[in-house]
**Q** 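Got a structure for you, questions after.
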Amino acid sequence: MRLVVALTGASGVAYGMRFLEVCKELGIETELVISKPAALLLKEEIGKRAKDMEKLATRVHAPENLEAPISSGSYNFDGMVIVPCSMGTLGSIASGTARNLITRVADVTLKQNRPLVLVPRETPLNLIHLENMVKLKRAGATILPAAPAFYHKPEDVADLVDFIVGRILEIFGVEHKLYKKWSGLETR
Ligand SMILES: Cc1cc2nc3c(=O)[nH]c(=O)nc-3n(C[C@H](O)[C@H](O)[C@H](O)COP(=O)(O)O)c2cc1C
């Protein structure tokens, strides 16, 4: 399996970093694109540099490089994940502008009918955010908010992050043991 993974400048870059780590462990090839605002948040939120992330990816592309192979529908990849996804990037994809590599590949992913998973992190949501999400859902994208559950009894932030990473993998049908799945209420 080969996935395009993009990080944009929303809070929650730890989700993107962990997703790449898990893909590497599972032998999933990754084509990584990090937006400039995401690189700033990497440093701010988890004290990492883009270079630290790039080590985890199979191939790396600059966000302004619209000539990268992944920007073509003829390049073979199984889907795209934008984690975290800023409302700016989400809005650009919804309007089809395709002006950087991330929004272009998202556009291509939709036109080729491949899975596109967007992991937005914003709260509260305004009407523009919600309408853009509806538009993208109608176009075939999966909107997977960075909203971890608590029923698996997370003990730390890593458990919360793993919940979201697990949910993304499930969209691609990938088995994992990142969190304990809900198996009904314990009644005694
Ligand atoms: C510290 C910081 C935190 C931010 N958090 C969010 C966020 O959680 N969600 C969001 O949609 N935008 C957030 N933004 C705004 C985006 O970074 C900004 O809209 C940027 O232009 C997005 O560009 P990109 O989508 O190309 O990465 C944040 C910005 C900063 C500086």
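Residue numbers count from 1 along this sequence. Being a predicted model, the structure only gives us computed values, none of them experimental. In listed order, ligands and their atoms are each counted from 1.
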**Q** Does ligand 1 have an atom under 4.0 Å from some heavy atom of Glu44?
**A**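 Judged by the 4.0 Å heavy-atom criterion, Glu44 does not count as contacting ligand 1.
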**Q** Going by the order shown, which atoms of ligand 1 are within less than 4.0 Å of some heavy atom of Ser35?
**A**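 In order of numbering, the contacting atoms are 24 (P), 26 (O), 27 (O).
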**Q** Could you go through Arg49 and Glu54, starting from their C-alpha distance and side-chain angles, then the distance that decides it, and tell me whether this counts as salt bridge (charged side-chain N to carboxylate O under 4.0 Å, His left out)?
**A** CA-CA 9 Å; Arg49 295 166 309 154; Glu54 290 170 7; over 6 Å; no
**Q** How close does the nearest protein non-hydrogen atom get to atom 13 (C) of ligand 1, and which residue and atom is it?
**A**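 Sorting protein heavy atoms by distance from atom 13 (C) of ligand 1 puts Gly9 O, 3.3 Å first.
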**Q** So do Leu42 and Met53 actually touch side chain to side chain, heavy atoms under 4.5 Å?
**A**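 The answer is yes; the side chains approach within 4.5 Å.
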**Q** Could an N or O of ligand 1 be found under 3.5 Å from any N or O of Met87, whether backbone or side chain?
**A**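 By distance alone, the answer is yes.
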**Q** With a cut-off of 4.0 Å, which atoms of ligand 1 are near a heavy atom of Ser11?
**A**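 Taking each heavy atom of Ser11 in turn, ligand 1 has 5 (N), 6 (C), 7 (C), 8 (O) under 4.0 Å.
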**Q** With atoms numbered from 1 as shown, which atoms in ligand 1 lie under 4.0 angstrom from a non-hydrogen atom of Thr89?
**A**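 By the 4.0 Å cutoff, the relevant atoms are 24 (P), 25 (O), 26 (O).
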**Q** Looking at Val5, Ile102, Leu118, Leu110, which one forms a side-chain contact (heavy atoms from CB on, under 4.5 Å) with Met80?
**A**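 Filter result, single survivor: Ile102.
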**Q** Evaluate Arg121 for polar contact with ligand 1, using N/O atom pairs at a separation under 3.5 Å.
**A**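 Looking only at distances, the answer is yes, because the N/O contact criterion of under 3.5 Å is met.
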**Q** Cut-off 3.5 Å, side chains only: do Glu31 and Thr58 have a donor facing an acceptor?
**A**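 The criterion, which ignores hydrogens and geometry beyond distance, is not satisfied for Thr58 and Glu31.
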**Q** Output yes when the distance from some N or O of ligand 1 to some N or O of Ala38 is under 3.5 Å, and no in every other case.
**A**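 Such a contact does not occur with ligand 1.
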**Q** Which residue from Leu41, Thr103, Leu125, Leu90 reaches closest to atom 1 (C) of ligand 1 through any of its heavy atoms?
**A**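 It is Leu41 that holds the nearest heavy atom.
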**Q** Are Arg114 and Asp78 close enough for a salt bridge, meaning some N to O gap below 4.0 Å?
**A**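 Here Arg114 does not pair with Asp78 in a salt bridge, since their nearest N and O are not under 4.0 Å apart.
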**Q** Looking at Ile168, Ile28, Leu32, which one forms a side-chain contact (heavy atoms from CB on, under 4.5 Å) with Leu3?
**A**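 Among the candidates, only Ile28 passes.
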**Q** Just to confirm, does any protein heavy atom lie below 4.0 Å from atom 31 (C) of ligand 1?
**A**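 No, no protein heavy atom sits under 4.0 Å from atom 31 (C) of ligand 1.
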**Q** Per the side-chain hydrogen bond (donor to acceptor under 3.5 Å, both in side chains) rule, which among Arg167, His152, Lys153 passes with Tyr179?
**A**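 Exactly one pass, corresponding to Arg167.
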**Q** At what distance, to the nearest 0.5 angstrom, does CD1 of Ile143 lie from CG of Leu130?
**A**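 Interatomic distance, Ile143 CD1 to Leu130 CG, rounded to 0.5 Å: 10.5 Å.
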**Q** Give the residue, atom name and distance (to 0.1 Å) of the protein heavy atom nearest atom 22 (C) of ligand 1.
**A**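 Checking every protein heavy atom, the shortest distance to atom 22 (C) of ligand 1 gives Ser86 OG, 3.6 Å.
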**Q** Hey, is atom 10 (C) of ligand 1 touched by any protein heavy atom at less than 4.0 Å?
**A**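 Within 4.0 Å: yes, protein heavy atom nearby.
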**Q** What protein heavy atom sits nearest atom 21 (O) of ligand 1, and how far away is it?
**A**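 Checking every protein heavy atom, the shortest distance to atom 21 (O) of ligand 1 gives Pro37 CG, 4.3 Å.
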**Q** Considering only protein heavy atoms, determine whether one is less than 4.0 Å from atom 19 (O) of ligand 1.
**A**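 Protein heavy atom within 4.0 Å of atom 19 (O) of ligand 1: absent.
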**Q** Is any side-chain heavy atom of Tyr151 less than 4.5 Å from a side-chain heavy atom of Lys180?
**A**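 No, side chains not in contact.
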**Q** Check each of Leu7, Ile70, Asn100 against Val33 using the side-chain contact (heavy atoms from CB on, under 4.5 Å) test, and report the only one that passes.
**A**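 Checked Leu7, Ile70, Asn100 against Val33; only one passes side-chain contact (heavy atoms from CB on, under 4.5 Å): Ile70.
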**Q** Between ligand 1 and Thr8, is the shortest N or O to N or O distance under 3.5 Å?
**A**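 Among all N and O atoms of Thr8, none is under 3.5 Å from an N or O of ligand 1.
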